[in-house]
Amino acid sequence: MTAWESAVLDGGPADGLRMKVADRPQVIQVAYPCQVDTPPDGMRAEALYIYRRNVRIKSEPLRYGFDVASP
């Protein structure tokens, strides 16, 4: 059975977002849809933001900090 833990994102566009995570992932990816003028059939664009787990935090809520250097 998967153990779910509370987590919160720090900084960046998703600052303060709370969620449940399983297995303490090292990275959380947040995607925001972008508007595309006359996209080809089925195409979409998303802005991606990366949050990395603060490994010093051992209890809930786990903390994930915004990675400004990520793509």
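In what follows, residues are counted from 1 in the order of the sequence shown.
- No path of Ile, Leu, Val, Met, Phe, Trp and Tyr side chains, each step under 4.5 Å between heavy atoms, connects Val55 with Tyr51, placing them in separate hydrophobic clusters.
- Here the shortest heavy-atom pairing between Ala31 and Glu46 reads CB-OE1, 3.6 Å.
- Across all their heavy atoms, Arg52 and Asp67 have their closest contact at NE-OD2, 2.5 Å.
- In this structure, Arg63 and Leu9 have side chains that are not in contact, with every pair of non-hydrogen atoms separated by 4.5 Å or more.
- Across every non-hydrogen atom of Ile57 and Arg24, the tightest pair is O-NH1, 4.5 Å.
- No side-chain heavy atom of Glu5 sits less than 4.5 Å from a side-chain heavy atom of Asp23.
- Grouped by direct or indirect side-chain proximity (heavy atoms under 4.5 Å, Ile/Leu/Val/Met/Phe/Trp/Tyr only), Val8 sits alone.
- The two residues Ala47 and Cys34 have their closest heavy-atom pair at N-SG, 3.6 Å.
- The same ILVMFWY cluster, assembled from side-chain heavy atoms under 4.5 Å apart, contains both Tyr32 and Leu17.
- The closest side-chain heavy-atom distance from Lys20 to Ser6 is below 4.5 Å.
- Met43 has its side chain within reach of Val36: a pair of non-hydrogen atoms, C-beta onward, lies under 4.5 Å apart.
- Between Arg53 and Pro25, the closest side-chain pair of non-hydrogen atoms is not below 4.5 Å.
- Of all non-hydrogen atoms in Val21 and Tyr64, the two that sit nearest each other are CG2-OH, 4.2 Å.
- When side chains are defined from C-beta on, Leu48 does not count as touching Val30, because their heavy atoms never get closer than 4.5 Å.
- Interatomic distance, CG of Asp15 versus CZ of Phe66, reported as 10.5 Å (0.5 Å rounding).
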